[in-house]
Structures are given as structure tokens and as C-alpha cells.
Colleague: 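Here it is, the structure in full.
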Protein chains: 2
Amino acid sequence: MIIRIDTVSTTPIYVQLRNEIVKGIGRGELSEGECLPTVRQLAADLGVNSMTVSKAYQTLKAEGFIETDRRRGAVVRAGVQSGAQPDERYREKLEGELELLSAEAKIKGFGREEFIHLCSMAFAGMEG
Amino acid sequence: MIIRIDTVSTTPIYVQLRNEIVKGIGRGELSEGECLPTVRQLAADLGVNSMTVSKAYQTLKAEGFIETDRRRGAVVRAGVQSGAQPDERYREKLEGELELLSAEAKIKGFGREEFIHLCSMAFAGMEG
DNA sequence: TTATTTGTATAATATCATATAATACAAATA
DNA sequence: TATTTGTATTATATGATATTATACAAATAA
């Protein structure tokens with residue numbers, strides 16, 4: 001998977017990295033159990049510091065998206081999430097962000113159908 | 001409209017303020033043409049600095065959500081947005097954010113129907 | 001064993017964003 | 001004239017961000 005970083009953006013690099021990897025997992029470009037590049041390798045590829053990559057991995061780990069194994073490195077977490085009970089904390093976070101997006105879209109002139117269409121298209125872009 | 005600020009949050013106060021006002025406009029609690037509190041008044045109510053409120057207002061102004069009038073102060077921008085051509089820049093921003101939310105939701109185990117339902121409910125919470 | 005690689009920890013440093021404080025200005029109103 | 005509006009400026013303090021350098025435990029490969 002190719003990751004691009006915008007060094008001009010106000011979004012911290014480690015957040016950009018975290019977001020790109022999450023989207024890669026969502027799209028299926030990164031499969032469950034697949035190893036991510038090592039922090040040093042990815043840092044070298046992107047021209048950033050290895051601690052910045054490490055911070056992105058730690059964020060992903062804390063959020064349950066990956067696990068770190070001393071033997072294999074960083075690994076995409078297997079389908080624990082697809083099963084079991086939905087994460088209530090995440091649900092509230094998602095609802096809050098959708099509320100803000102809905103308000104912005106509404107004010108910007110988007111109708112309900114158009115908004116839902118965009119949501120549907122975005123989700124369709126994910127694996128499965 | 002009542003605005004609450006979380007001083008512990010990592011989200012900057014001026015961003016929280018901006019978000020709350022956007023949601024207030026979206027819900028219809030703040031009508032087009034309605035005056036917002038003065039920067040000093042809102043700052044006093046919230047116990048923050050007036051420049052922090054000013055920064056939130058400037059952000060809202062730059063995004064086209066409000067206008068500032070020396071006579072009336074900060075005013076919710078009238079329906080320029082509901083008409084005219086959709087803002088292409090905003091559309092891309094929206095699509096990008098929906099892509100990330102979709103990826104997270106997908107990984108967290110949400111199905112298409114559930115995700116769309118949440119989007120629909122969020123938009124339904126907006127005026128109109 | 002030894003050498004290497006893994007993620008991680010630590011410390012020092014630099015830069016920028018954030019927030020506050022105090023003061024001041026032009027424009028408009030009462 | 002006095003007041004209020006948003007805004008500008010300057011100074012200051014704090015925290016987030018990013019880099020650099022070094023080091024560690026754990027596991028693998030030689």
C-alpha cells in the first residue's frame with residue numbers, strides 16, 4: 001500500500017499516517033494478520049522520523065486496529081471487531097462526528113438524499 | 001443556545017466553539033440573520049478569553065457560516081448556501097471525512113445498513 | 001554464542017499552535 | 001460625547017509536535 005504524506009498540512013504527520021492505515025485496512029488493502037512495514041522502514045520511505053511512525057502505530061494499537069508482536073512487528077488485528085459486541089465508546093464518537101458533518105452539509109445546501117448518497121458511496125468503497 | 005466547553009479536551013476551545021455554533025445553525029437553533037453573542041459576552045459566559053471567541057468567529061466567517069457587521073456584530077449568514085452551486089471544495093472535504101469514518105465503522109464491525117441508519121438519523125436531527 | 005532487527009523508552013531540543021493578558025483602533029450607535 | 005462592536009497588536013506561557021540521538025529487552029538468524 002502506498003502512503004502519501006502532506007508535509008504542508010496542519011494535520012500532524014502521525015495522524016495522517018494513522019488515517020491512511022485505517023483507510024487501507026477498511027478498503028482491504030491491508031488484510032487481517034498482515035504485517036505493516038517496520039517503523040524504521042516506513043520512516044525511511046516517507047522521510048520522517050521513526051518516532052513519528054512509532055507514535056502512529058501506538059495510536060492504532062490503542063484504538064484496537066493493530067497489535068504489535070516482537071517477532072512479527074506491527075500486525076493488522078484479526079477480526080475481533082467484526083464479531084462481539086459493538087464498541088459503545090466508538091459508537092458515540094461516530095454519532096458525534098456524523099452530527100457535525102450533517103450540520104455542515106445541511107448548511108452548505110446538501111439535501112438528505114445527496115448526503116445519504118455520499119455516505120453510501122463512501123461505505124461502498126470499503127471491503128465486503 | 002447553550003454552549004458547553006470541555007476545558008480538558010484536546011480539541012482547541014475555539015474549534016469546540018466553532019463546532020457547537022455550526023451544529024446550532026444546522027439544527028435551526030440559530031436562525032439565518034440571527035445575531036450571535038458578542039465576543040466579550042460569550043467569553044465572559046464561558047470564562048475564556050475574548051480573543052479565543054474572536055478566533056472561533058473568524059474561522060466561521062472564513063468558512064462562510066457567519067458574517068460580521070460592525071453594527072450588529074456576528075450574524076448567521078443568510079441562505080446563500082442553500083441556493084447557488086454546491087461548494088466543490090467542501091464536497092471533497094466531506095467525501096474525505098466520510099471515507100475515513102466509513103473505514104473506521106467497517107473495521108469496528110458496523111454493517112452498511114447500520115452505518116447508513118446512523119447517517120440518516122444524524123441528518124434528520126438537522127432542521128428541515 | 002554473536003549479530004541483527006523488532007518495537008519501545010528516554011532525554012534534549014526546536015518549532016508551532018494554543019490561550020491568556022493588556023491595550024488600542026476604526027466604525028457605528030445611543 | 002460615551003459606549004459597544006469586531007479586530008489588531010504585543011507579550012507571555014504552556015503544550016503538542018517533530019526531530020535527533022541513544023539505549024533497552026525480546027526474538028531471530030548467523
Side-chain angles (χ1 to χ4, degrees), chain A residues 3-22 24-25 30 33-78, chain B residues 1 3-22 24-25 30 32-78:
Chain A
I3 295 181
R4 288 193 194 83
I5 291 300
D6 180 5
T7 56
V8 182
S9 170
T10 59
T11 304
I13 294 177
Y14 83 96
V15 175
Q16 293 184 46
L17 266 175
R18 177 266 180 200
N19 290 347
E20 289 305 308
I21 291 172
V22 167
I25 297 174
L30 295 173
E34 185 172 343
C35 294
L36 296 177
T38 70
V39 289
R40 289 171 178 82
Q41 181 64 52
L42 188 50
D45 290 346
L46 298 174
V48 301
N49 192 274
S50 58
M51 291 312 299
T52 302
V53 178
S54 178
K55 194 163 187 175
Y57 281 12
Q58 287 180 51
T59 302
L60 289 163
K61 185 180 178 182
E63 293 176 309
F65 292 118
I66 67 172
E67 293 173 347
T68 52
D69 187 328
R70 287 210 177 274
R71 292 170 283 184
R72 309 177 60 199
V75 182
V76 177
R77 189 172 171 189
Chain B
M1 196 188 98
I3 297 181
R4 288 193 194 83
I5 293 299
D6 180 4
T7 56
V8 182
S9 170
T10 60
T11 305
I13 293 177
Y14 85 95
V15 175
Q16 292 185 46
L17 266 175
R18 177 267 180 201
N19 290 347
E20 289 304 308
I21 291 172
V22 167
I25 297 174
L30 295 172
E32 292 180 353
E34 184 173 343
C35 293
L36 297 177
T38 68
V39 289
R40 290 173 178 80
Q41 180 64 51
L42 188 50
D45 290 347
L46 298 174
V48 301
N49 192 275
S50 58
M51 291 311 298
T52 302
V53 178
S54 179
K55 193 163 188 175
Y57 281 12
Q58 287 179 52
T59 302
L60 289 163
K61 186 180 177 181
E63 292 176 309
F65 292 118
I66 68 172
E67 292 172 347
T68 52
D69 188 328
R70 287 209 176 277
R71 292 172 281 184
R72 308 178 60 199
V75 182
V76 178
R77 189 172 172 190

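Protein chains get the first letters and strands the later ones, always in sequence-line order, with residue 1 at the start of each. FYI, side chains are in, hydrogens and waters are out, and symmetry mates aren't considered; it's all heavy atoms of this structure.
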Colleague: Specify the separation, in whole Å, of atom CD of A:Gln41 and atom C1' of C:dT4.
Modeller: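 In whole Å, C:dT4 C1' lies 15 Å from A:Gln41 CD.
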Colleague: Among C:dT20, D:dA18, C:dT8, which is the nearest nucleotide to the side chain of B:Met51?
Modeller: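 So the nucleotide nearest the side chain must be C:dT20.
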Colleague: Rounded to whole Å, please give me the gap between CZ in A:Arg18 and P in D:dT17.
Modeller: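 After rounding, the reported distance stands at 14 Å.
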Colleague: Apply side chain to side chain contact (heavy atoms under 4.5 Å, CB included) to B:Tyr14 and B:Gln58, showing your working.
Modeller: CA-CA 10 Å; B:Tyr14 85 95; B:Gln58 287 179 52; over 6 Å; no
Colleague: May I ask which nucleotide in the shown strands pairs with C:dA17, Watson-Crick or G-U wobble, both distances under 3.5 Å?
Modeller: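 The base-pairing partner of C:dA17, which may sit in any strand shown, is D:dT14.
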Colleague: Quick check for you: among D:dA18, D:dT7, D:dT20, whose closest atom lies nearest to any side-chain atom of A:Asn49?
Modeller: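 Given the options D:dA18, D:dT7, D:dT20, the side chain of A:Asn49 is closest to D:dT20.
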Colleague: Rounded to the nearest 0.5 Å, how far does CG of A:Asp6 lie from OG1 of A:Thr11?
Modeller: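 It is 8.0 Å, given to the nearest 0.5 Å.
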Colleague: Rounded to the nearest 0.5 Å, what separates atom OG1 in A:Thr59 from atom CZ in A:Arg18?
Modeller: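 These two atoms lie 8.0 Å from each other.
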Colleague: Relative to the 5' end of DNA chain C, which residue comes earlier, A:Tyr57 or A:Thr10, by the nucleotide with the nearest heavy atom?
Modeller: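 Looking at DNA chain C, the more 5' nearest nucleotide goes with A:Tyr57.
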Colleague: D:dA26 C1' sits how many Å from A:Arg72 CZ, rounded?
Modeller: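 In whole Å, D:dA26 C1' and A:Arg72 CZ are 16 Å from each other.
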Colleague: Measure from the side-chain heavy atoms of B:Gln58 and tell me the nearest of D:dT7, C:dG7, C:dT18.
Modeller: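 Among D:dT7, C:dG7, C:dT18, the one nearest the side chain of B:Gln58 is D:dT7.
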Colleague: Rounded at 0.5 Å granularity, tell me how far CD1 in B:Ile25 sits from CZ in B:Phe65.
Modeller: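 Atom-to-atom, B:Ile25:CD1 and B:Phe65:CZ are 7.0 Å apart.
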Colleague: Report the distance from atom CG of B:Leu36 to atom P of D:dT7, rounded to the nearest whole Å.
Modeller: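 Answer to the nearest Å: 11 Å.
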Colleague: What is the distance, to the nearest angstrom, from the NZ atom on A:Lys55 to the P atom on D:dA16?
Modeller: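 Answer to the nearest Å: 8 Å.
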Colleague: Rounded to the nearest 0.5 Å, what separation is found between the CG atom of B:Leu46 and the CD1 atom of B:Ile3?
Modeller: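 B:Leu46 atom CG to B:Ile3 atom CD1 measures 6.5 Å (nearest 0.5 Å).
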Colleague: B:Arg40 has a side chain; which of D:dT7, D:dA21, C:dT20 sits nearest to it?
Modeller: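 Comparing D:dT7, D:dA21, C:dT20 against the side chain of B:Arg40, the answer is D:dT7.
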Colleague: Take atom CG of B:Leu42 and atom P of D:dT7, then tell me their distance rounded to the nearest Å.
Modeller: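 That distance rounds to 13 Å.
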Colleague: Where the side chain of B:Tyr14 is defined as all heavy atoms beyond and including C-beta, which of D:dT7, C:dG7, C:dA19 is the nearest nucleotide?
Modeller: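 For B:Tyr14, the side-chain atoms sit closest to C:dA19.
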Colleague: From C-beta outward on A:Pro12, which listed nucleotide comes closest to its side chain: C:dT8, D:dT17, D:dT7?
Modeller: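 Out of C:dT8, D:dT17, D:dT7, the nucleotide with an atom closest to A:Pro12's side chain is D:dT17.
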Colleague: Starting at atom CD of B:Glu67, determine the distance to atom C1' of D:dT5, rounded to an integer number of angstrom.
Modeller: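 Rounded to whole Å, this separation is 16 Å.
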Colleague: Within the structure, does a side-chain N or O atom of B:Thr38 lie under 4.0 Å from either OP1 or OP2 of D:dT5?
Modeller: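 Yes.
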Colleague: Taking only N and O in the side chain of B:Thr52, is any of them less than 4.0 Å away from OP1 or OP2 of C:dT20?
Modeller: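 True: B:Thr52 side-chain N/O within range (under 4.0 Å) of C:dT20 OP1/OP2.
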Colleague: Both A:Ser50 and A:Asp69 contact DNA chain D. Which one's nearest nucleotide lies toward the 5' end?
Modeller: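 Mapping each residue to its closest nucleotide by heavy atoms, the 5'-most match is A:Ser50.
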Colleague: Under a 3.5 Å cut-off for both distances, is C:dT29 Watson-Crick or wobble paired, and to whom?
Modeller: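 Base partner found: D:dA2.
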Colleague: Specify the separation, in whole Å, of atom CD1 of A:Ile66 and atom P of C:dT6.
Modeller: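 After rounding, the reported distance stands at 15 Å.
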